[in-house]
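Everything below concerns the one structure shown next.
All chains are named by letter (A, B, ...) in the order of the sequence lines, taking the proteins before the strands, and each is independently numbered beginning at 1. What you see is a predicted model, and the numbers here were worked out from it, not measured in a lab.
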Number of protein chains: 2
Amino acid sequence: MGRRKRFDPQDAKEAMKQIFWQQGYEGTSLQDLERVTALPKQSLYREFGDKRGMYLAALSAYEAEEVRAASRILRAHSDPKQAFAALFDAVLRPVEEQDDRRGCFLCNAASDRTTIEPAIDTWVNAAMVRMLATFTAALGDTDKGDQKARALLAGYVGIRVLARSGLPTPDLRMAANRLIESTR
Amino acid sequence: MGRRKRFDPQDAKEAMKQIFWQQGYEGTSLQDLERVTALPKQSLYREFGDKRGMYLAALSAYEAEEVRAASRILRAHSDPKQAFAALFDAVLRPVEEQDDRRGCFLCNAASDRTTIEPAIDTWVNAAMVRMLATFTAALGDTDKGDQKARALLAGYVGIRVLARSGLPTPDLRMAANRLIESTR
DNA sequence: GATAAAGGTTACTGATCGGTCCGAAAAAAG
DNA sequence: CTTTTTTCGGACCGATCAGTAACCTTTATC
């Protein structure tokens, strides 16, 4: 048996998530990834295969952490209006309080995907479908739940993109409030 | 006075718009731009300054054409519900009929912007604000028009991003229908 | 026809890109 | 202690990147 790894692949995934989220796939180089993970690219290549593998690892870390946290918020409320109010609040507070304009990594990836490869496109689409299922579940027996879930997902994605584009936070709040009202 | 241009800068802008819309800023190289415009990069540099100037030219062509066409659709109906129904229909038909999954170039640019430069960020944000004003005007005197305009903009942006990510068209239609209902 | 100005063509630049190769180092087994 | 296996570190690869320079060609004016 040979030499032990000196790094934790989870730590590498987390660091890669942060920079791919901020700068996108094409906007992030191997040099950037070396710097943020503090690892030589040879180690990254051995662990993740190629740059696309690194990107997919970053996306799956995002789903495991941020998306899962959002799901927990939705499930913590049985009333749909309160559930979505809590979700939008959790999403908007970092923008309002820390001017965190990164948006949603998944939403960014949805726009950022054409020239990468089909496996990534498929993955991102599947992740959006899972998010839709989460929104549908949160609406429960609500009248017209299927339509509302889709409109809420679109609104949610839109708010995240508009946050990233720099729209003022009062506008984002107004949009969120209206979407919350529409859960009825 | 010297030699006349052998090309129309508007044609160049249009060709650059198409490829930046499809592949994004970082995903498009000078070689790509030469190919689609059929011009040597020296001519592009002389006309547009640098790659960012080419990108801004492409974005402004998009606003002048696609965004302006959307505005005309909204203004062609005095009833807000009909106006937005027509807008969403115009946006969803190419997805349904030709599987056109490019989404909205402005929305893509909103996600694609962090590492380019502040002037582009500012421009994209201002374009979103102009779009918001168009949506607000289309709602006219509607009760809670300000909130509705913002929710409609978020929903619109979200639908465009979800279209690009590959969500099935029935889901997109359901979201649009729900957003149209919410204009009341 | 000469001149000045502008555009087109081609070559060139230094840097960076994603990815590979190879020897050195470290760890475990025998 | 030696051998085998695995990881680390640095060098290297061909290609591409955004951008510049210089020269040639074309055009209009005088």
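Remark: Phe20(A) pairs with Tyr55(A) by the ring-ring contact (aromatic ring centres under 6.0 Å, His included) rule, at least two apart or across chains. For Arg52(B), the side-chain contact (heavy atoms from CB on, under 4.5 Å) criterion is met by Tyr25(B), Asp50(B), Ile116(B), Glu117(B), Ile120(B), not counting sequence neighbours. Under the side-chain contact (heavy atoms from CB on, under 4.5 Å) criterion, Val36(B) pairs with Ala15(B), Ile19(B), not counting sequence neighbours. For Glu14(A), the side-chain contact (heavy atoms from CB on, under 4.5 Å) test picks out Lys17(A), Gln18(A), Glu65(A), with sequence neighbours left out. Listed by chain and number, the residues in a ring-ring contact (aromatic ring centres under 6.0 Å, His included) with Tyr156(A) are Phe135(A) (sequence neighbours excluded).
Sorted by first and then second residue, the pairs that involve residues 143-154 of chain B and meet salt bridge (Lys or Arg N to Asp or Glu O under 4.0 Å), not counting sequence neighbours, are Asp171(A)-Arg150(B). Each salt bridge (Lys or Arg N to Asp or Glu O under 4.0 Å) pair with one or both residues in residues 69-81 of chain A, not counting sequence neighbours, appears once here: Lys81(A)-Glu181(A).
A donor-acceptor contact shorter than 3.5 Å links the side chain of Asp100(A) to the backbone of Arg102(A).
With hydrogens and angles left out, the side-chain atoms of Ser29(A) and Asp32(A) include a donor and acceptor closer than 3.5 Å.
Taking 4.0 angstrom as the limit, Ser43(B) places none of its side-chain polar atoms (N or O) nearer than this to OP1 or OP2 of dG7(C).
Between Glu34(B) atom CD and dC17(D) atom C1' the separation is 12 Å, expressed in whole Å. Straight-line distance from the CZ atom of Arg46(B) to the C1' atom of dT10(C): 13 Å, rounded to whole Å. Atom CG of Leu30(B) is separated from atom P of dC17(D) by 8 Å (rounded to the nearest Å). At whole-Å resolution of the value, CD in Glu47(A) and C1' in dG19(C) are 17 Å apart. Tyr25(B) has its OH atom 8 Å from the C1' atom of dA18(D), to the nearest Å. A straight line from CG of Leu39(B) to P of dT10(C) spans 14 Å, rounded to a whole angstrom. For the pair Arg3(B) CZ and dT26(D) C1', the interatomic distance rounds to 5 Å; values are reported in whole Å. Summarising the geometry, the separation between CG on Leu44(A) and P on dG19(C) is reported as 12 Å, rounded to the nearest angstrom.
Contacts between residues 51-62 of chain B and DNA chain C, counted as heavy-atom distances below 4.0 Å, involve no residue at all.
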(message) I'd like to compare against my own output: the B/S/- annotation of nucleotides 10-16 of chain D with a strict under-4.0 Å heavy-atom distance to protein.
(response) B------

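You'll find that the side chain of Arg4(B) is closest to dA28(D), out of dA18(D), dA28(D), dG18(C).
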